[in-house]
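We number each residue from 1, following the sequence as shown.
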Amino acid sequence: MASASPPILPISVPHQSTPVPTATAAATEEATQASALRNLLNNLSTTASSALSQRRPWSELLDRSAFSKPESISDATLRLRKNYAYFRLNYLLLVSASLTLSLLTHPFSLLLLLSLFSAWLFLFLLRTPNSPPLVFLGRTYSDRETLGILLALTAFVLFLTSVGSVIISALFIGVALVCLHGAFRVPEDLFLDDQEPSAATGFLSFLGGAAPSAAASAAPAILAAARI
């Protein structure tokens, strides 16, 4: 009697998963962020160049023969409104220069502000829907969690460090200089072109409506302090 042959055992072949090209995905993400950053810088450069081309000559702003003491608070406020409508870009540059000089004299505050701006730029603003989730210390953070962390970090930097006081003091000095110039500069020789487009375009356009009222409301207090 022939012996039965041993049963044939099935051989299972392990499933080989297709490797995920993580290096390619990372390179694509870096290229996308670099392209978005270049587009952002180009847009900012174009907007700044267009706005700066419409500024008034500094010699006209600093014409010593056009300065005189206002007769009253209402006269100073009227002068400020007219001068702001004419020298809007120059005033904005003056406030920006005050802010820049203040930050340059406080390197620690400047470093904190640049670090905060970089965090917002690379962790939120330049991210695309296809960007991989943020992973830090082995934990994955969603976009909402990342936004919450950035908002908390912004509040901490602005209110619990010296950055907030430096920015506020620089803006106050800049606005005070603008109010003093607008109150003492006689605007009779200024001619506004009704057809001229607004000088504050793009990301500067939000200053067009709020700045005149804010500066005009601050003019009486600053003028009174100057008289004292």
Q: Report whether Leu114 and Leu160 are members of the same hydrophobic cluster (ILVMFWY, side-chain heavy atoms less than 4.5 Å apart, transitive linking).
A: yes
Q. Counting only heavy atoms not in Arg139, do more than 12 sit closer than 6.0 Å to its CZ atom?
A. yes
Q: Tell me whether Leu147 is reachable from Val157 by hopping between hydrophobic residues (I, L, V, M, F, W, Y) whose side-chain heavy atoms are closer than 4.5 Å.
A: yes
Q.
What I'd like to find out is whether the side chain of Val163 reaches to under 4.5 Å of the side chain of His106, using heavy atoms alone.
A. no
(Q) With a sphere of 6.0 Å drawn around CZ of Phe67, does it hold more than 12 non-hydrogen atoms of other residues, nucleotides or ligands? (A) yes
Q: In plain terms, say whether Arg55 and Glu60 are close enough for a salt bridge, that is, a side-chain N and a carboxylate O under 4.0 Å apart.
A: no
Q | Path from Phe156 to Leu116 over hydrophobic side-chain contacts below 4.5 Å | A | yes
Q.
side chain to side chain contact (heavy atoms under 4.5 Å, CB included), that's the test. Do Leu80 and Cys179 meet it? Break it down for me.
A. CA-CA 7 Å; Leu80 179 58; Cys179 290; 4.3 Å; yes
Q: Evaluate side chain to side chain contact (heavy atoms under 4.5 Å, CB included) for Thr100 paired with Leu104, printing each intermediate quantity in order.
A: CA-CA 6 Å; Thr100 302; Leu104 289 177; 4.0 Å; yes
Q) Considering all heavy atoms of both residues, which atom of Pro133 and which atom of Arg127 are nearest to each other, and what is their separation? A) CA-NH2, 3.8 Å
Q: Take the angle between the ring planes of Tyr84 and Tyr91 and call it parallel below 30°, perpendicular above 60°, tilted in between.
A: parallel
Q. Going through the checks in order, is the side chain to side chain contact (heavy atoms under 4.5 Å, CB included) test met by Ser68 and Phe184?
A. CA-CA 5 Å; Ser68 67; Phe184 284 87; over 6 Å; no
Q) Could you state the interatomic distance from CG (Asn83) to CZ (Arg88), rounded to the nearest 0.5 Å? A) 12.5 Å
(Q) Show the nearest heavy-atom pair for residues Glu71 and Asp75, with the distance to one decimal. (A) N-OD2, 3.2 Å
Q: Decide yes or no for Arg185 and Phe87: does some side-chain heavy atom of the first lie under 4.5 Å from some side-chain heavy atom of the second?
A: yes
Q: For the pair Arg56 (side chain) and Tyr86 (backbone), establish whether a donor and an acceptor sit closer than 3.5 Å, ignoring hydrogens and angles.
A: yes
Q.
If hydrophobic clusters are built by linking Ile, Leu, Val, Met, Phe, Trp and Tyr wherever their side-chain heavy atoms come under 4.5 Å apart, do Leu112 and Leu101 end up in the same one?
A. no
(Q) Using 0.5 Å steps for rounding, measure from the CD1 atom of Ile167 to the CG atom of Leu158. (A) 6.0 Å
Q | Residue pair Lys82, Leu78: steps toward the side chain to side chain contact (heavy atoms under 4.5 Å, CB included) verdict | A | CA-CA 6 Å; Lys82 291 182 178 181; Leu78 181 61; 4.0 Å; yes
Q. Closest heavy-atom contact between Ser162 and Ser165?
A. O-OG, 2.9 Å
Q) With respect to Leu134, which candidate in Asp143, Ile149, Thr146 satisfies the side chain to side chain contact (heavy atoms under 4.5 Å, CB included) definition? A) Thr146
Q. CG of Leu150 to CG of Leu125: how many Å apart, nearest 0.5 Å?
A. 8.5 Å
Q | Test item: Ser96 and Leu99 side chains (from C-beta on) under 4.5 Å apart, heavy atoms | A | no
Q.
Nearest 0.5 angstrom please: Asn90 CG to Trp58 CH2, how far?
A. 4.5 Å
Q. Where the side chain of His181 meets the backbone of Leu61, is there a donor-acceptor pair that is under 3.5 Å apart?
A. yes
(Q) Would you say Val166 ends up clustered with Ile168 if hydrophobic residues are merged whenever their side chains have heavy atoms under 4.5 Å apart, either directly or through other cluster members? (A) no
Q) Does a side-chain heavy-atom distance below 4.5 Å link Leu151 with Trp120? A) yes
(Q) Has Ser98 got a side-chain atom pairing as donor or acceptor with Ile173's backbone, closer than 3.5 angstrom? (A) no
